[in-house]
Amino acid sequence: MTKLTDLTIAQARDGLRAKEFSAVELTDAYIAAVESSRPLNAFITETPEIARDMAKKSDARIADGSAGAMEGMPIGMKDLFCTEGTLTTAASHILDGFKPQYESTISKNLWDAGAVMLGKMNLDEFAMGSANITSYYGNVVNPWKREGDDTDLVPGGSSGGSSAAVAAHSVIAATGTDTGGSIRQPAAFTGIVGFKPTYGRCSRWGVVAFASSLDQAGPMTRDVRDSAIMLGAMAGHDPKDSTSADIAVPDFEAALTGDVKGLRIGIPKEYRMDGMPAEIEKIWDQGIAWLKDAGAEIVEVSLPHTKYALPAYYIIAPAEASSNLARYDGVRYGLREEGKDLIEMYENTRAAGFGAEVKRRVLIGTYVLSAGYYDAYYLKAQRVRSRIVDDFKKAWNSCDLLLTPATPSAAFGAGENQDDPLAMYLNDVFTVPASLAGLPGIAVPAGLDSKGLPLGLQLLGRPFDEETVLRGAHVLEQQAGFNAKPQFLA
Amino acid sequence: MANLIKGNTGDWEVVIGLEVHAQVSSKAKLFSGAATAFGAGPNEQVSLVDAAMPGMLPVINKECVRQAVRTGLAMGCAINLKSVFARKNYFYADLPQGYQISQYELPVVGEGEITIDLEDGESKQVGIERLHLEQDAGKSIHDQDPTKSYIDLNRSGVALMEIVSKPDMRSADEAAAYVTKLRSILRYIGACDGNMAEGSMRADVNISVRRPGEPLGTRAELKNINSIRFIRQAVDYEVKRQIMLIEDGGEVVQETRLFDSIKGETRSMRSKEDAHDYRYFPDPDLLPLVIESAFVEEMKGTLPELPDTKKDRFISDFGLSAYDAGVLVSERETASYYEAVAAKADPKLAANWVISELFGRLNKAGKDITDSPVSPENLGNLLSLISDNTISGKIAKEVFNEMFETGKDAKDIVEEKGLKQITDTGAIEAIVDGIIANSPGQVEQYRSGKTGLIGWFVGQVMKETQGKANPGVVNQLLKSKLEG
Amino acid sequence: MSLDKKTVARIAHLARIKVPEEDLEPLAGELNNILGFIEQLNEVDTDGVDPLASVVEMNMRQREDAVTDGGYPDRVLANGPETAMGFYTVPKVVE
Ligand SMILES: [Mg+2]
Ligand SMILES: [Zn+2]
């Protein structure tokens, strides 16, 4: 018999419905898996008591026929989502001891749909990073290893705790947030599916803000169907978020028809970058062939400003972050370091509370907004962003989805890339443009590189057309038939 | 040129511009559902949004937009159909977010103009630069502990309209008249209660001095002055300070100054010394505020007749003096009261009575016109009793006192007390005859040329009739009898 | 544009982050690296292009004016590092 922790959401749902096992049994299996996967450091806080309590209630609802879409599903909650009464840290020292008096809309939606909280997942500090090496609570380890090489690899970031745990089967699924690729890139690094929906689809209320105009929550799951199920539970209009779209949530699972005949898949030529590793080109070409085989029409498109997405992002995101993180001042919550006066208290608290990468971004953001530089940096970046949005709009005239690689490389070792912040930023080169345009994007595991590490492909869609993205991703997944497992399984 | 100030080295002209912060009369805050009422216990009217908890987001209050648009229209300003909320970034103990959500490049209301009324009956136009919506900050309390400041966030997030004037004012009087007029307009339309003591209206006053005709001098900004009297004092002090400084060879520095109302002086604010760089940028948690032009039209329809229009109408329709009309329209309630009185009585008489008798009594009793014991209808009735000669003006004052104390109808009091004027010529003639018969000496003197004695005779008649004889009839009869 | 030590110190103060003197120089180096990278934006012709206001193409919804929140000072103060008598407290501010 398969282990309970090997089931997908859809399979576990069937098992619970058929009374093959109870929600408590499923949860207990996962609590054990969480314990056995501690070497990955994927959790900041484990919440087994809460999980058991929630699972019991799930069983009661299953018994009385009021089960929700995520009933009994033991998931990990990225520690960027505020959870009432449970420590919420954003992986930062500055939020020491912070127990929110409120529940984020996304986590509440998931609990309302019956999901069970196994704990709070590790991440890059304030979601700033692509390797989960900036967390105050330590690095997260990727459950995958290179063949014949015991080096610890990064799980991607910032949702690295989520990606590692989903890949290692220590949670059935996890929430992520994506600002420039923080769902899709770690999903690609760990061989799972990560879906960033359209900006405005999932409420930002109660999610610790990094860059407000970019932050978007989404599911991280073992397969595309699970993403469809979980996104359905997360999404929806929230009157508490002014940027939340008042658009009905479709039945995403119903979009998985397995049919892409006649669908036009755009291949943006600017994503074929200089110095792109051959293996990445190969998997991309493979993806094109798979979709073509399945009956899709392949069209070449141009997104001329692709190259400028990353530099624009590294102005806009830090600028917003510098302002969003001003509230961490030691007055109302979290860490306080005393000083001789108020200003020194602020300076000491923020110096001690923020890590190096967060400080770097806050300083860059402060600089690009400061008097005399605002026009040259921030406004210029927002103009370029308009150009990028227009590029995509034009592309949608000739295609329905865009297919690109998810990342420029497979997972790397924790020490191999971090000496230079800029080299680290390049990880998001394929994911950032869609973030700037607010488009839905999904990373689907497509194959292994020569060292046995997963590689992902990315599909992007029109605003609020998550259904087509899921339909394409589902077919891509079927064609790829990716079933490799990481070396570390809970 | 008017308003010049004589220094030791020549004349100086004062240039004043004001930024008035007016709290929008709304139940809830600008971006959160917490209450705005005055006087709650510490941090009781604070939502998680106002306390800037992680992940909290702003959602705009419709009423605040409505009132900003109405205020803009009342000041004859252009309404910007698209405006943008921006973050003004700075650190302060009572600013939980580390930024104030305000409007910077694109405010909801653009340029306009209001008329201010000056002491001498003159008026003057003062330009409005803009009006924008923004959040108020919390409150720091410094006197509770020797080493700590206490932070109360009840005001954090309360909606303010910042109304920025052009530097069009030239004296403390004009600055005071401007705030008075602004307050009047805001209260007329119900956008702000204008309660300066509770902080519903505060003014930042920008002041500079220059030689007449020369370019603008360096200005100082006096922050958060919360009474019209203090505005005058602060301006007077600051003008003297600047002139003396320059005449002594010094230079005015651009800075924020605090007005100390106890010492009556302004001083540099140390806490604001830090050079500010607010790093304004559009708030990414909000979308641009888009207003339909139909909405603007609808808001026009909600505006009451404004004080200036009303004043003109009182002058032309009721023949009032500019001064009286100005006094009567300063508050919407007063104007409506007056109009209700004028509907029943001679409008000029009504104006006199409302301004001198009613205001006097209300003042003494510490009452507002809205809780006057004498209703406007009743006062109108009283005045028509004067006009139709039922009672004399003198008796009317007596009746009014009684009305004020008991709330009774004028007619009832006149009836009960038998105060009706005697207009029956026969009855008065008998009394007049009697007095003439009993005062041969006075009659003699009168007839020999001391006609001033007529007053004495009138007094005698009034005495005998307890003031109820119609003075016109008395006069006429006395004259004809004494001279006949 | 290139950042010197003095500018880094100014920005750090604006951002209220204490940076020890000896860290200013290396930090300036790191920040200049990033600035050098983002300055490629100057290659893009953005004449006549409006800065993006929002990727969400909708009008901002406005809520009704009703008191729906607040009234829970305990929850507001629950995480306060230092509170007294219902207030947050901070080192004394001199105005
Ligand atoms: Mg101002
Ligand atoms: Zn202001």
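Each chain gets a letter, A, B and so on, in the order its sequence line appears, and its residues count up from 1.
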Handout entry: Approximate separation, where rounding is to 0.5 Å, of C:Tyr88 OH and B:Lys148 NZ
Key = 15.5 Å
Problem - Flag side-chain contact, heavy atom, 4.5 Å: C:Val56 against B:Leu287 - result: yes
Practice task
Among the options C:Thr68, C:Val90, C:Thr89, C:Leu77, pick out the one with the most heavy-atom pairs lying under 4.5 Å from chain B.
Solution key: C:Val90
Practice task
Using salt bridge (Lys or Arg N to Asp or Glu O under 4.0 Å) as the criterion, list what pairs up with C:Arg75, not counting sequence neighbours.
Solution key: none
Problem - Proximal component of B:Phe85, with respect to chain C [non-hydrogen, under 4.5 Å] - result: side chain
Completion exercise
Honestly, the part of B:Arg279 sitting under 4.5 Å from a heavy atom of chain C is side chain
Fill in the blank from the handout: So, the part of B:Pro288 with a heavy atom under 4.5 Å from chain C: the answer is both
Completion exercise
So, the part of B:Asn154 with a heavy atom under 4.5 Å from chain C: the answer is neither
Handout entry: Any C:Asn59 side-chain heavy atom under 4.5 Å of B:Glu292 side chain
Key = yes
Exercise for the section: Sort C:Ala84 into side chain, backbone, both or neither according to what part of it lies under 4.5 angstrom from a heavy atom of chain B. Expected result: both
Practice task
Check whether any side-chain heavy atom of C:Val76 sits under 4.5 Å from a side-chain heavy atom of B:Glu44, and report yes or no.
Solution key: no
Exercise for the section: Check B:Lys29 against C:Arg63 and note the closest heavy-atom contact, atom names and distance. Expected result: O-NH2, 2.8 Å
Handout entry: Region of B:Leu153 that comes under 4.5 Å of a non-hydrogen atom in chain C
Key = side chain
Fill in the blank from the handout: Applying a strict 4.5 Å limit to non-hydrogen atoms, the region of B:Ala51 in contact with chain C is side chain
Exercise for the section: To the nearest 0.5 angstrom, please state how far the CZ atom of C:Arg16 sits from the OH atom of B:Tyr90. Expected result: 12.0 Å
Practice task
Would you mind checking which part of B:Ser26 comes under 4.5 Å of any heavy atom in chain C, side chain (CB onward), backbone (N, CA, C, O), both or neither?
Solution key: both
Exercise for the section: To the nearest 0.5 angstrom, please state how far the CG atom of B:Leu289 sits from the CD atom of C:Gln62. Expected result: 5.5 Å
Completion exercise
Okay, B:Pro146 and chain C: the region with an atom under 4.5 Å from a heavy atom over there is backbone
Handout entry: Segment of C:Arg10 engaging chain B (4.5 angstrom heavy-atom cut-off)
Key = side chain
Exercise for the section: Decide yes or no for B:His142 and C:Val93: does some side-chain heavy atom of the first lie under 4.5 Å from some side-chain heavy atom of the second? Expected result: yes
Exercise for the section: For the pair C:Lys92 (side chain) and B:Asp145 (backbone), establish whether a donor and an acceptor sit closer than 3.5 Å, ignoring hydrogens and angles. Expected result: yes
Exercise for the section: Could you pull out the closest heavy-atom pair between C:Ala66 and B:Ala28, with the gap in Å? Expected result: O-CB, 3.3 Å
Practice task
Measure distances from B:Leu30 to the heavy atoms of chain C and classify the residue's part below 4.5 Å as side chain, backbone, both or neither.
Solution key: backbone
Problem - Contact check, side chains of B:Ile151 and C:Phe87, non-hydrogen atoms, under 4.5 Å - result: no
Handout entry: Any B:Gln144 side-chain heavy atom under 4.5 Å of C:Met85 side chain
Key = yes
Practice task
Against chain C, label B:Val59 side chain, backbone, both or neither, depending on which of its atoms sit under 4.5 Å from a heavy atom there.
Solution key: both
Handout entry: Distance, nearest 0.5 Å, that separates CG of C:Leu14 from CG of B:Asp277
Key = 5.0 Å
Practice task
Report, as yes or no, whether the 6.0 Å neighbourhood of atom CD on B:Glu198 holds more than 12 heavy atoms from other residues, nucleotides or ligands.
Solution key: yes
Practice task
Report yes if some heavy atom in the side chain of C:Met60 is under 4.5 Å from a heavy atom in the side chain of B:Val290; otherwise report no.
Solution key: no
Problem - C:Tyr72 side chain reached by B:Asn43 side chain, heavy atoms, under 4.5 Å - result: no
Problem - Neighbour count above 12 (heavy atom, 6.0 Å) for B:Tyr104 OH - result: no
Practice task
Quick one: pull up OG in C:Ser54 and CG in B:Asp285 and give me the separation to the nearest 0.5 Å.
Solution key: 10.5 Å
